[in-house]
Amino acid sequence: MKKQYLLTPGPTPIPPQVALKEALPIIHHRTAEFSAIFADVCEGLKYIFQTKNDVFMMASSGTGAMESSVVNLLSAGESALVASCGNFGERWTKLLEAYGVKTTVISVEWGKVVSPEAIAAALKADPSIKVVYTTFTETSTGVTNDIAAIGKVVDATSAVLVVDAISGLGGEKLLTDEWHVDVVVSGSQKGLMLAPGLAFVSVSAKAWKYVEAAKLPRFYWDWRKMKKSLATQETPFTPAITLIISLQEAIRMIREKGIENVWKDCSVLAKAARAGMQALGLELFGDNPCEVVTSARVPAGVEGGKIVKLLREEYGISIAGGQGALKGKIIRFAHMGYIGKADLLVGFACLEMVLAKLGHKVTKGAGVAAAEEILLQN
Ligand SMILES: *Cc1c(COP(=O)(O)O)cnc(C)c1O
């Protein structure tokens with residue numbers, strides 16, 4: 001019996017107003033009542049995506065929407081480019097290879113960001129590349145890629161740009177249309193403050209030409225079916241009714257606050273988290289730290305996994321450790337969605353105690369004090 005604090009980069013805590021919607025009796029989806037909610041949610045998503053393009057919803061985790069962005073845009077044997085800087089960038093490569101797409105990979109060391117110039121050079125060297133896949137906030141390392149610059153590069157070619165914004169959307173500034181992002185992929189359980197199980201894609205007119213020409217096998221993920229149903233405010237298959245109703249409430253909360261203020265708050269929390277880590281003697285990890293999660297290197301002599309385990313067991317606080325090659329080497333502290341200033345301070349207070357228990361020398365209160373300083377200034 002311990003109060004639980006979810007400070008992981010997905011899933012994230014759900015506001016009580018949103019959770020209550022999930023508890024309501026189910027309604028039927030082929031009704032005027034549901035269609036009105038669905039239409040409202042579709043409009044709200046356009047605001048959060050900052051796009052005029054259609055946004056499609058599917059009942060899956062974010063990876064389902066990633067898969068839909070492969071099968072709807074390409075044919076077997078065609079070429080794609082992946083610009084990867086971490087675990088989620090590598091997921092694009094695995095997906096494309098599973099479908100027999102010829103894949104060129106530009107990958108940088110984890111913790112670094114992808115280079116727009118390298119993408120420009122790769123597109124120039126191989127004009128047969130049809131789609132460029134990359135990641136907005138690479139959650140596995142905690143860095144942000146320069147999507148505006150990458151968008152400019154890809155927009156100047158006939159290729160389309162697909163961006164995995166599963167953790168960044170609704171946390172860090174992302175301007176889909178202004179930055180020329182053809183397809184933005186996202187999911188429900190991060191910045192959007194919902195339970196896992198809903199995934200989203202926005203699709204540009206430029207990408208739509210590819211959708212019509214693509215020959216990879218697709219059925220459940222077929223965006224053509226989704227577009228057709230959208231015209232009558234429906235989905236091709238049973239939608240995740242409960243999640244969509246709760247999403248309406250989450251969008252209402254985001255609209256009430258204003259998306260710019262959501263970005264600003266995440267940015268302040270990120271600054272506070274970075275200051276807190278440094279005050280505890282932890283070196284920040286990653287070149288261009290993102291605003292939805294803060295990564296720091298585990299101090300020498302301490303086992304990263306133990307920090308995560310002790311925080312959960314002793315204080316009910318969940319943060320994330322490293323993935324893949326970074327397992328045990330970094331910790332990741334999320335500050336997106338419904339995670340607020342007070343949660344951050346609680347997290348840092350307990351992190352200090354855990355570090356002290358594990359033998360890392362900390363001045364007690366130093367992390368909290370550094371974070372407070374930033375919060376007071378903003
Ligand atoms: C969480 C995450 C995913 C995976 O999404 P699932 O919902 O687990 O399928 C993919 N990409 C990024 C950047 C993520 O943060």
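Counting starts at 1 for both ligands and their atoms, in listed order. Quantities reported herein were computed from a predicted structural model and do not represent experimental measurements.
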Measure from NZ or CZ of K112 to the centre of the six-membered ring of F285 and say whether it is under 6.0 Å with the direction within 45° of the ring axis.
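No, a cation-pi geometry is absent between K112 and F285.
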Need the ligand 1 atom indices (1-based, order shown) with element for anything under 4.0 Å from a heavy-atom of [X].
{"X": "G62", "value": "6 (P), 7 (O), 9 (O)"}
{"X": "S61", "value": "6 (P), 7 (O), 9 (O)"}
{"X": "T137", "value": "13 (C)"}
{"X": "T63", "value": "4 (C), 5 (O), 6 (P), 9 (O)"}
{"X": "T139", "value": "12 (C), 13 (C), 14 (C), 15 (O)"}
{"X": "D164", "value": "10 (C), 11 (N), 12 (C), 13 (C)"}
{"X": "R91", "value": "4 (C)"}

Tell me, which protein residue and heavy-atom name are nearest [atom], and how many Å apart are they?
{"atom": "atom 1 (C) of ligand 1", "answer": "K190 NZ, 1.4 Å"}
{"atom": "atom 3 (C) of ligand 1", "answer": "F88 CE2, 3.3 Å"}
{"atom": "atom 8 (O) of ligand 1", "answer": "Q189 NE2, 4.0 Å"}

Looking at ligand 1, would V185 count as a contact under a 4.0 Å heavy-atom criterion?
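Not so, V185 does not reach ligand 1.
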Between [Y] and [X], do the side chains contain a donor N or O and an acceptor N or O under 3.5 Å apart?
{"X": "S167", "Y": "T137", "result": "yes"}
{"X": "R274", "Y": "T294", "result": "no"}
{"X": "S204", "Y": "D182", "result": "yes"}

Between F237 and F219, what is the ring plane arrangement, given parallel below 30°, perpendicular above 60°, and tilted in between?
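Answer is tilted, since the angle falls between 30° and 60°.
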Below 30° counts as parallel, above 60° as perpendicular, anything between as tilted: where do the rings of W223 and W208 land?
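Rings of W223 and W208: parallel, as their planes differ by under 30°.
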Should Y5 and Y315 be marked as a ring pair (Phe, Tyr, Trp, His ring centres under 6.0 Å) after you check the CA-CA gap, both sets of side-chain angles, and the distance that decides it?
CA-CA 9 Å; Y5 295 81; Y315 304 106; over 10 Å; no
Determine whether a donor-acceptor pair (N or O, by modelled atom type, separation under 3.5 Å) exists between the side chain of N288 and the backbone of T144.
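Checking the backbone N and O of T144 against the side chain of N288, a donor-acceptor pair under 3.5 Å is found.
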Please work out, at 4.0 Å between heavy atoms, whether the side chain, the backbone, both, or neither of E138 comes within that distance of ligand 1.
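Neither part.
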